[in-house]
Amino acid sequence: MSYVVRGLDPTTYRPLFGLTDEALAERGIVRMTVTDPTFPCRVSLADRPIGEEVLLLNHVSHDVANPYRASHAIFVADAEQAEFVDEVPPVFKTRVLSLRGFDKNGMMADALLTQPGEADAGIRKLFDNPEIETIHAHNATRGCFSAKIERS
C-alpha cells in the first residue's frame, strides 16, 4: 500500500501576500510573523522559520454535503507545494495527530490518534480498511487541519 501527502496549492494563497492588512482583514485573514517554531504551513507541510510572514485564514478541509463538512484556521506561507510519497511530512513527526479516514461518500469510516513518530503506522493501519479513500490529519491539541493523505 502506497500513499501521498500533498500540501495545499500555493496559487490559491500567493495573491493574498500582496494585500494590505486592511484588505486581508476584510477577508477574515490575519498576517502574522512567526515567533516560535510551531507555525505549521499547510502548503510546505513544515514549521516555518522564526521571522517569516505567514497568513492565518479559514480553510474548508472537507468540502462535502454531509455532517462531516469541516473548516478551521490554518497557517500558509508563500512557499512551494510539498509532496511526500510513502513518508510523513515534517509537521507530522513531532505532533499528536487525529487521523480521520473517509469513505467514497465523505463519511468518516474510522479514526485514530497517533503520538509523535507514529503517523506512518497510523496511516497504513487506516488504509488497511478498503473503504477508506482519504485520510485527513488534524493536530490533536488545536484540532486544526494539517493535511490530506491519499492512496497512490
Side-chain angles (χ1 to χ4, degrees), residues 1-14 16-17 28-64 66-152:
M1 190 282 310
S2 185
Y3 67 87
V4 62
V5 186
R6 282 187 195 86
L8 298 176
D9 182 354
T11 59
T12 305
Y13 307 106
R14 283 203 174 113
L16 299 173
F17 284 90
I29 302 170
V30 177
R31 185 185 324 271
M32 300 179 75
T33 300
V34 175
T35 56
D36 61 64
T38 60
F39 285 66
C41 172
R42 290 357 183 261
V43 173
S44 66
L45 300 179
D47 287 309
R48 302 312 297 180
I50 293 171
E52 185 176 28
E53 176 183 287
V54 294
L55 299 178
L56 179 64
L57 52 89
N58 189 269
H59 171 71
V60 177
S61 59
H62 195 52
D63 195 7
V64 293
N66 71 40
Y68 288 106
R69 186 174 199 278
S71 70
H72 206 283
I74 63 167
F75 292 113
V76 295
D78 188 4
E80 294 301 314
Q81 183 179 27
E83 180 175 290
F84 296 86
V85 178
D86 293 332
E87 66 175 315
V88 297
V91 293
F92 286 12
K93 293 179 180 179
T94 59
R95 290 177 169 85
V96 176
L97 298 175
S98 170
L99 299 178
R100 303 165 188 182
F102 294 95
D103 66 16
K104 65 181 180 180
N105 298 313
M107 294 295 287
M108 193 179 301
D110 201 358
L112 54 85
L113 287 176
T114 62
Q115 298 300 312
E118 298 176 354
D120 179 75
I123 292 165
R124 292 179 187 283
K125 181 177 180 178
L126 285 175
F127 276 143
D128 280 344
N129 179 343
E131 290 182 29
I132 294 176
E133 291 196 352
T134 62
I135 298 169
H136 289 203
H138 289 252
N139 297 324
T141 54
R142 297 248 181 170
C144 50
F145 173 78
S146 187
K148 183 177 178 180
I149 305 141
E150 299 175 307
R151 294 178 186 270
S152 63

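When reading the values below, keep in mind they use all heavy atoms of this one structure, side chains included, and skip hydrogens, waters and symmetry mates.
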CG of Asp120 to OH of Tyr3, rounded to nearest 0.5 Å, is 3.5 Å

Distance col, row Ile149:CD1 vs Ile132:CD1, nearest 0.5 angstrom, shows 10.5 Å

Check: Is any NZ, NE, NH1 or NH2 atom of the basic residue among Arg124 and Glu118 found under 4.0 Å from an Asp or Glu carboxylate oxygen of the other?
Finding: no

Under 3.5 Å, side chain of [X] to main-chain N/O of [Y], donor-acceptor pair present?
{"X": "Glu83", "Y": "Arg6", "value": "no"}
{"X": "Arg95", "Y": "Gln115", "value": "no"}
{"X": "Arg48", "Y": "Cys41", "value": "no"}
{"X": "Asn58", "Y": "Gly28", "value": "no"}
{"X": "Asp78", "Y": "Phe17", "value": "no"}

### Query
Could you go step by step and tell me if Val34 and Phe75 meet the side chain to side chain contact (heavy atoms under 4.5 Å, CB included) rule?
CA-CA 10 Å; Val34 175; Phe75 292 113; over 6 Å; no

Note to self: Does Arg142 have more than 12 heavy atoms from other residues, nucleotides or ligands lying within 6.0 Å of its CZ?
What the structure shows: no

For this session: Decide yes or no on side chain to side chain contact (heavy atoms under 4.5 Å, CB included) for Asp63 and Arg69, but give the supporting numbers first.
Result: CA-CA 5 Å; Asp63 195 7; Arg69 186 174 199 278; 3.2 Å; yes

Residues pairing under ring-ring contact (aromatic ring centres under 6.0 Å, His included) where one sits in residues 105-136, two or more places apart or in two chains, turn out to be His62-His136, Phe102-His136, His136-Phe145

Mind checking whether Met32 and Phe39 have side chains closer than 4.5 Å, heavy atoms only?
yes

**Asked** Quick one: does Val5's side chain get under 4.5 Å of Phe92's, heavy atoms only?
**Response** yes

In short, salt bridge (Lys or Arg N to Asp or Glu O under 4.0 Å) pairs touching residues 129-141 with sequence neighbours left out are none

In short, Phe84 meets Pro90 closest at the heavy-atom pair CZ-CD, 3.5 Å

Applying salt bridge (Lys or Arg N to Asp or Glu O under 4.0 Å) to Arg31 and not counting sequence neighbours gives Asp21, Glu53

inquiry  = Show, in sequence, the C-alpha distance, side-chain angles and deciding distance for Met1 and Asp128, and conclude whether the side chain to side chain contact (heavy atoms under 4.5 Å, CB included) test is met.
reply    = CA-CA 8 Å; Met1 190 282 310; Asp128 280 344; 5.6 Å; no

